[in-house]
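As structure tokens, the structure follows; a few thoughts come after it.
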Amino acid sequence: MDQHEVLIVGGGNAGISLAARLLRDGVQDVAVVESESVHRYRPLLSYVAAGEATMDSLERPAAQVMPPGCTWIPERVVEVDPAAPAVVTDSGRRIACTTLVVCPGLEEDWDAVPGLREAYAAGWAGSSFVVESAPRVWPALRDLTSGRVVFTMPPEPAPCGATALKPLLMACDHWRRSGVLEALDVHLVLPGPTPLGVPEADRELGRTLARYGVHVLREARVAELTELTGLDERRVAVATPGGEVVLDDVTYAHVVPHYRAPRWVAESELAGAGAAGQAEVDPETMRHPRHPQVWALGDVADLGIRPSGGALRRQVAVLAHNLRHPEGPEQRYDGYTVMPVTVARQRLMFVEVDREGRQQQSLRVLDLVRPRRTSWWVDRYALPVTYFRRILRGKV
């Protein structure tokens with residue numbers, strides 16, 4: 001049986017940046033379990049789906065981003081024993097550790113929306129959230145001149161669900177510039193009463209959606225996608241507080257799947273009471289309440305926030321400190337998260353809030369909720385460079 005001091009499950013943003021931070025701070029034995037051979041900067045998928053980035057710009061070989069001195073275990077976890085703590089991989093290998101950190105992200109729950117997987121396969125539905133689908137979204141949207149288009153925001157938990165607005169609003173700006181927006185019937189399905197739950201940002205987004213003529217269905221969720229055989233008719237059924245609304249003759253549907261924790265988390269002692277099976281943790285320290293040697297962060301952890309890359313940077317800093325100083329005092333994560341949303345092809349707002357939904361300002365001299373071209377440039381160009389050169393190296 002293998003044994004490590006710190007075992008991190010998940011080689012995404014959370015796992016790699018935490019491993020790098022711990023190694024830089026002197027932890028000698030850090031291992032990362034990650035089966036994927038390609039590492040992706042996922043925020044750029046929204047720009048791929050809007051024709052402003054390519055997959056090459058966001059992908060790196062996993063071996064290239066693994067921190068020097070880190071043990072990479074290229075296998076998939078299928079079982080966890082939080083009491084040990086230890087995990088079992090798909091090869092039957094049992095790996096024990098002194099400290100276990102769980103951050104594998106979330107998985108698409110295709111069964112939550114009947115017909116969604118089939119619509120993706122047929123090509124009339126897709127989204128920026130699904131790696132295989134993102135490159136096909138912009139070709140499907142770019143040349144539309146008429147028809148009905150449906151966009152959705154996913155219910156929580158989701159990997160930075162607010163970014164589902166990016167392909168919608170960048171596509172609308174493109175259609176407006178092309179002179180075809182008025183001929184398109186664009187619908188947005190929101191899981192809540194407002195897009196973000198932040199008054200100042202929601203007012204700005206409300207004005208933007210109205211300017212583009214987007215029809216908004218609130219407190220609603222997609223119930224089913226169907227394609228009538230032989231009739232070339234596609235339908236999206238939406239459950240709303242007033243009953244089911246059926247959108248007929250859909251040309252394209254940007255429907256983001258629902259998400260849930262990996263099965264090995266959801267069916268283990270790590271899971272809390274939530275339906276998505278996320279890992280239960282103290283939302284401020286990220287430690288599991290019943291298994292003190294187990295911690296979780298990122299999308300899979302039930303932290304009471306809307307997950308984001310900006311949130312991860314705060315979480316990694318807090319968790320790295322707490323792992324290095326088990327005697328205390330523990331640092332506390334305040335629930336900070338950031339939601340970057342484009343309102344046009346080259347204008348973006350950064351919406352920063354804490355766990356209670358109170359606005360936070362990382363820059364006192366600028367109101368980042370106000371859409372700016374500079375903010376778009378930072379999100380599209382500066383942050384990806386910072387991610388690969390500094391965040392993944394434990395320097396931020």
Side-chain angles (χ1 to χ4, degrees), residues 45-53 113 115-116 118-120 122-130 133-154 162-190 194-195 202-218 220-238 240 242 244-256 341-349 371 373 376:
L45 288 172
S46 297
Y47 290 105
V48 171
E52 291 191 353
V113 182
L116 182 60
E118 292 78 7
Y120 267 60
W124 65 276
S127 79
S128 57
F129 282 60
V130 178
S133 174
R136 298 196 290 267
V137 171
W138 182 238
L141 297 175
R142 178 188 55 211
D143 299 326
L144 292 181
T145 58
S146 62
R148 175 169 287 165
V149 189
V150 180
F151 290 82
T152 73
M153 277 185 66
T163 58
L165 295 170
K166 284 182 171 181
L168 160 65
L169 297 176
M170 285 192 281
C172 284
D173 187 32
H174 165 75
W175 293 326
R176 179 186 61 82
R177 294 167 185 266
S178 301
V180 301
L181 181 60
E182 291 186 359
L184 287 159
D185 183 24
V186 185
H187 293 257
L188 170 62
V189 180
L190 290 179
T194 63
D202 285 334
R203 284 193 293 271
E204 179 66 42
L205 287 172
R207 290 191 290 267
T208 300
L209 292 166
R211 185 168 65 249
Y212 289 139
V214 177
H215 304 284
V216 182
L217 295 169
R218 303 177 188 275
R221 299 190 182 191
V222 171
E224 186 176 12
L225 285 81
T226 56
E227 183 170 14
L228 302 184
T229 305
L231 298 180
D232 195 28
E233 184 176 339
R234 298 146 178 175
R235 295 177 177 175
V236 175
V238 182
T240 75
E244 185 174 87
V245 174
V246 177
L247 301 174
D248 295 312
D249 301 320
V250 173
T251 305
Y252 191 78
H254 185 277
V255 178
V256 181
V341 180
T342 51
V343 300
R345 294 196 65 77
Q346 295 187 357
R347 293 177 65 236
L348 176 139
M349 60 168 67
R373 183 183 174 91
W376 164 81

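One-based numbering along the sequence shown.
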Next item on the list: Work out which heavy atom in Pro195 is nearest to a heavy atom in Arg218; give both atom names and the distance.
Entry: CD-NH1, 4.4 Å
Check: Tell me, do Glu118 and Leu225 make a side-chain contact under 4.5 Å, heavy atoms counted?
Finding: no
Next item on the list: Might you point out which heavy atoms bring Trp138 and Ala171 nearest each other, and give the distance in Å?
Entry: CZ3-CA, 4.4 Å
Item checked: Any side-chain heavy-atom pair of Arg207 and Glu204 under 4.5 Å -> yes
Checklist line | Closest non-hydrogen atom pair between Ser127 and Tyr120, with its separation | finding: OG-OH, 2.9 Å
Next item on the list: Specify the closest pair of heavy atoms between Pro167 and Ala164, including all atoms of both residues, with the distance to one decimal.
Entry: CD-O, 3.5 Å
Notebook entry, point to check: Are any side-chain N or O atoms of Tyr252 and backbone N or O atoms of Val137, one a donor and one an acceptor, separated by less than 3.5 Å?
Noted result: no
Margin query: If I take atom CG from residue Leu184 and atom OG1 from residue Thr251, how far apart are they, to the nearest 0.5 angstrom?
Written below: 7.5 Å
Margin query: Please report the interatomic distance CG(Leu190) to CG(Leu209), rounded to the nearest 0.5 Å.
Written below: 7.5 Å
Notebook entry, point to check: So, for Cys172 and Val214, which heavy atoms are closest and what is the spacing to 0.1 Å?
Noted result: SG-CG2, 4.0 Å
Margin query: Is the shortest side-chain heavy-atom distance between His187 and Val250 below 4.5 Å?
Written below: no
Notebook entry, point to check: Can you tell me how far the CG atom of Asp249 sits from the CG atom of Asp185, to the nearest 0.5 Å?
Noted result: 10.0 Å
Next item on the list: State which residues pass side chain to side chain donor-acceptor pair (under 3.5 Å) with Asp248; sequence neighbours excluded, sorted by chain then number.
Entry: Arg235
Next item on the list: May I ask you to test the Asp173-Met170 pair for a side-chain heavy-atom distance under 4.5 Å?
Entry: no
Check: Does Trp376 reach the main-chain N or O of Thr342 with its side chain, forming a donor-acceptor pair under 3.5 Å?
Finding: no
Item checked: Donor-acceptor contact below 3.5 Å, side chain Thr152 vs main chain Val189 -> no
Notebook entry, point to check: Are any side-chain N or O atoms of His254 and backbone N or O atoms of Val149, one a donor and one an acceptor, separated by less than 3.5 Å?
Noted result: no
Note to self: As an exercise, state the distance from CZ of Arg203 to CG of Leu205, rounded to the nearest 0.5 Å.
What the structure shows: 11.5 Å
Item checked: CG-CZ distance between Leu165 and Phe151, expressed to the nearest 0.5 angstrom -> 10.0 Å
Item checked: Any donor-acceptor N/O pair, Arg234 side chain to Glu227 backbone, under 3.5 Å -> no
Notebook entry, point to check: What are the two closest heavy atoms between Ala49 and Leu141, and how far apart are they?
Noted result: O-CD1, 4.5 Å
Notebook entry, point to check: Less than 4.5 Å apart, any side-chain heavy atom of Leu168 and any of Met153?
Noted result: no
Check: Less than 4.5 Å apart, any side-chain heavy atom of Ser128 and any of Val48?
Finding: no
Item checked: Residue of the set Leu181, Val343, Val186 for which side chain to side chain contact (heavy atoms under 4.5 Å, CB included) holds with Tyr212 -> Leu181
Notebook entry, point to check: Hey, what do you get for OH (Tyr47) to CZ (Arg345), rounding to the nearest 0.5 Å?
Noted result: 10.5 Å
Notebook entry, point to check: Okay, side chain of Arg221, backbone of Val113: is any donor-acceptor separation there less than 3.5 Å?
Noted result: no
Note to self: When you measure from the side chain of Thr240 to the backbone of Ala220, do you find a donor-acceptor pair of N or O atoms at a distance under 3.5 Å?
What the structure shows: no
